[in-house]
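Residues take their numbers from the sequence shown, with the count starting at 1. Note: hydrogens, waters and symmetry copies are ignored here, and every other heavy atom, side chains too, is used. Since the model is a prediction, treat every value here as computed from it, not as a measurement. In listed order, ligands and their atoms are each counted from 1.
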Amino acid sequence: MSTEEAIQKELEELREKINYYNDLYYQQSISEISDYEFDMLLEKLIALEKKYPQFRTPDSPTQRVGGTITKVFETVEHRYPMLSLANSYSKEDLVDFDKRVAKLLGSETYDYICELKFDGVAISLTYENGQLSQAVTRGDGMRGDNITANARTIRTIPLRLKKNMEFPALFEVRGEVLMAKKEFQRINLEREDIGETPLANPRNATSGTLKMQDSTVVSQRRLNCFLYGMLGENLPIQSHQEALEKLNQIGFNISPTYRKCKDITEVLDYINEWETKRETLPVETDGIVIKVNSYGQQDRLGATAKSPRWAISYKYKAESAQTLLKDVIFQVGRTGSVTPVALLKPVQLAGTTVKRASLHNANEIKRLNIRIGDQVYVEKGGEIIPKVTGVNLDLRKEDSVPFEFITNCPECGTLLERKPGEANHYCPNQNNCPPQIKGRIEHFIQRRAMNIDSLGEKTIEQLFKNQLVKTPADLYKLNFDQVFQLEGFKQQSTNKLLKGISDSKKMPFENVLFAIGIRYVGRTVAEKLARQFKNIDNLAKASFLELTAVPEIGERIAWSVNNFFESEDNKHYIEELKKAGLNFEIEEKEEIRKSNKLEGSTFLVSGVFQSYSRDGIKEAITENGGKVLSSISSKLNFLIAGDKMGPAKKVKAEKLGVKIISEEQFTEMINR
Ligand code: IVH
């Protein structure tokens with residue numbers, strides 16, 4: 001074999017390996033190797049492909065990490081138009097639909113396939129010779145945007161199909177790109193960390209993400225994709241059910257929630273069953289889709305210009321209510337951003353009483369065209385905070401006046417600013433606007449920052465009012481008498497508060513870095529910066545280029561970090577925190593190796609243990625040379641069973657021949 005061939009072989013083997021672990025993880029939720037090991041494999045492949053760019057392939061798993069910038073998305077024509085579905089909102093509508101189908105099909109019998117209607121963004125994927133060649137959005141149904149580079153980063157879209165499987169040389173797959181509710185919350189939490197307004201709902205977040213120019217950012221947002229349709233010439237399948245099975249076989253992510261129904265009664269059962277069950281799914285659904293199963297019958301039923309006659313959607317009712325808009329108030333956040341909030345006459349919605357709803361910003365208020373005194377509609381979607389979705393104009397009072405957005409900060413009176421292109425208004429009076437000062441302290445003490453849980457919002461207010469604390473650094477200067485004299489404080493509560501503050505000095509550098517509140521530096525970014533620069537002085541010295549060279553640190557963050565350390569106020573602030581004794585350096589953990597007794601063995605821990613905590617037992621495994629796995633697979637040697645281990649784990653372990661041991665047996669192994 002020539003060197004060239006050897007390199008190509010190594011590349012191919014690495015790709016196969018990564019694809020294998022990737023499929024296992026995303027399709028079966030099994031991880032045979034740790035995230036770290038997976039990242040190492042991927043990094044090795046990235047390095048090799050960089051060295052030998054001539055052997056790069058478009059279906060390489062390295063494509064998943066992004067790296068492509070699309071300035072303008074090219075418009076492409078769909079080979080088959082992307083129709084929409086006729087909607088129905090009642091069971092009667094469905095019975096009517098069934099009657100139409102029966103009439104058009106005459107005496108034929110027919111089945112339906114019921115599926116969940118995923119609430120995301122429709123996508124069309126083209127596969128040529130088993131490789132993903134193009135991904136296009138729906139657009140107007142005839143033409144969409146070419147978003148291939150971004151789609152390649154979605155782990156549940158295969159870049160190449162499974163080997164040794166039969167599939168057509170050219171075909172299209174249709175599906176829905178979604179963001180799991182958890183991922184949506186994670187992103188919003190990060191946005192909150194850095195003082196950005198939260199994204200409205202998972203669907204908007206998905207469509208915004210798919211249209212991002214930098215595919216690296218798309219890759220970090222962990223989108224998902226469910227596929228539900230196959231199109232092409234002379235496909236080797238006769239029904240929708242066969243299509244789903246085929247797609248699943250060749251490597252696509254098919255939701256297992258579909259069901260074949262032999263008549264409309266069974267369809268209605270499916271609808272009833274999923275009405276509440278859908279809430280437990282990790283992704284959002286807004287209804288179900290009913291499709292005639294047979295392709296032959298689908299053809300005979302045909303389509304109108306807009307939608308097929310062989311399918312219909314049933315939409316679950318979005319929980320909505322109408323109520324009086326009493327007032328609009330404005331909240332000023334830690335970064336000075338001003339958010340309008342609707343004060344409502346209390347109304348019942350999805351089992352809770354709603355009194356407030358978010359109005360996002362001035363543009364949203366304009367779009368809704370709301371006036372105080374209006375009857376407005378409120379809805380609870382994927383969002384945790386309900387939102388105002390519209391106005392009942394029929395009930396608008398004649399004497400109502402158009403709503404004007406405020407011009408000055410409601411807290412300190414400073415003239416608000418609005419940067420060109422930004423939706424939000426800001427109060428620029430950073431150092432003297434009370435909610436900004438209090439917000440910075442609240443940010444500083446939160447659990448994921450300095451974790452001072454003996455300090456609450458009310459106490460912060462008291463400390464601020466009594467002019468004892470103006471910056472987080474002032475917390476470390478508080479003495480017993482100053483706290484004791486505050487209303488409601490006794491000896492014990494005073495000591496507790498001071499101890500909480502003093503204990504926080506032990507928090508690691510990454511927490512401190514997040515706590516100090518550099519704009520755009522959320523918890524995850526703080527960790528990355530801490531790991532890279534090791535201490536605050538290195539970070540303060542880091543140039544723009546050094547910062548942007550760190551993976552996942554973009555220009556906006558780099559600029560903000562540089563800016564932060566240029567300010568004299570901030571320099572002083574850091575000096576004060578240093579004097580107080582906070583950690584401004586990363587603590588390098590040394591790996592302690594006590595023995596090699598478990599060398600070569602893999603373990604999974606499950607349940608509760610008598611003499612170890614869960615982390616403790618894992619530590620004991622690695623300290624003695626063993627490896628901890630996160631799921632049961634054929635690679636697992638020992639399952640350490642504690643109390644309350646689920647029965648399913650036991651069955652699975654036994655099936656795979658994994659040895660189940662007790663805590664005592666494990667202790668014996670390491671003390672042998
Ligand atoms: S089938 C001919 N199945 O709903 C229409 N669509 O209005 C083929 N959707 O844009 C669509 N889940 O993005 C189908 N299980 C499902 C779906 C689904 C969500 C979306 C799709 C389409 C819209 C239809």
Hey, does Trp310 come in under 3.5 Å of ligand 1, counting only N/O atoms on both sides?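 No: no nitrogen or oxygen of Trp310 is under 3.5 Å from one in ligand 1.
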For [atom], what is the closest protein heavy atom, and at what distance to 0.1 Å?
atom: atom 4 (O) of ligand 1; answer: Lys117 NZ, 3.3 Å
atom: atom 11 (C) of ligand 1; answer: Tyr228 CE1, 4.0 Å
atom: atom 12 (N) of ligand 1; answer: Phe118 N, 3.0 Å
atom: atom 7 (O) of ligand 1; answer: Leu85 N, 3.1 Å
atom: atom 20 (C) of ligand 1; answer: Glu176 OE1, 3.4 Å

On the six-membered ring of Tyr270, is Arg259 placed so that its NZ or CZ lies under 6.0 angstrom from the centre and within 45° of the ring axis?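 Relative to the ring axis of Tyr270, which defines the angle, Arg259 lies outside at least one limit.
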Check whether His78 reaches the backbone of Thr137 with its side chain - one donor and one acceptor, N or O, closer than 3.5 Å.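 Side chain of His78 to backbone of Thr137, a donor-acceptor pair under 3.5 Å: yes, one is there.
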[X] contact mode with ligand 1 (heavy-atom cut-off under 4.0 Å):
X: Ala122; value: both
X: Lys291; value: side chain
X: Leu116; value: backbone

Quick test of your reading of the model: are [X] and [Y] salt-bridged, counting only N-O distances below 4.0 Å?
X: Lys387; Y: Glu379; result: no
X: Glu16; Y: Arg160; result: yes
X: Arg143; Y: Glu74; result: no

Under 4.0 Å from a heavy atom of [X]: give me the atoms of ligand 1 that qualify, with their elements.
X: Glu115; answer: 3 (N), 15 (N), 16 (C)
X: Pro308; answer: 2 (C)
X: Ser84; answer: 7 (O)

Quick check, are the ring centers of Phe252 and Tyr127 under 6.0 angstrom apart?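 Ring centres of Tyr127 and Phe252 closer than 6.0 Å.
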Ring-ring centroid check Tyr228 Phe226, cutoff 6.0 Å: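 Here the rings of Phe226 and Tyr228 have centres that are no less than 6.0 Å from each other.
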Would you check, one step at a time, whether the test ring-ring contact (aromatic ring centres under 6.0 Å, His included) holds for His240 with Tyr295? CA-CA 7 Å; His240 185 55; Tyr295 275 2; 7.2 Å; no
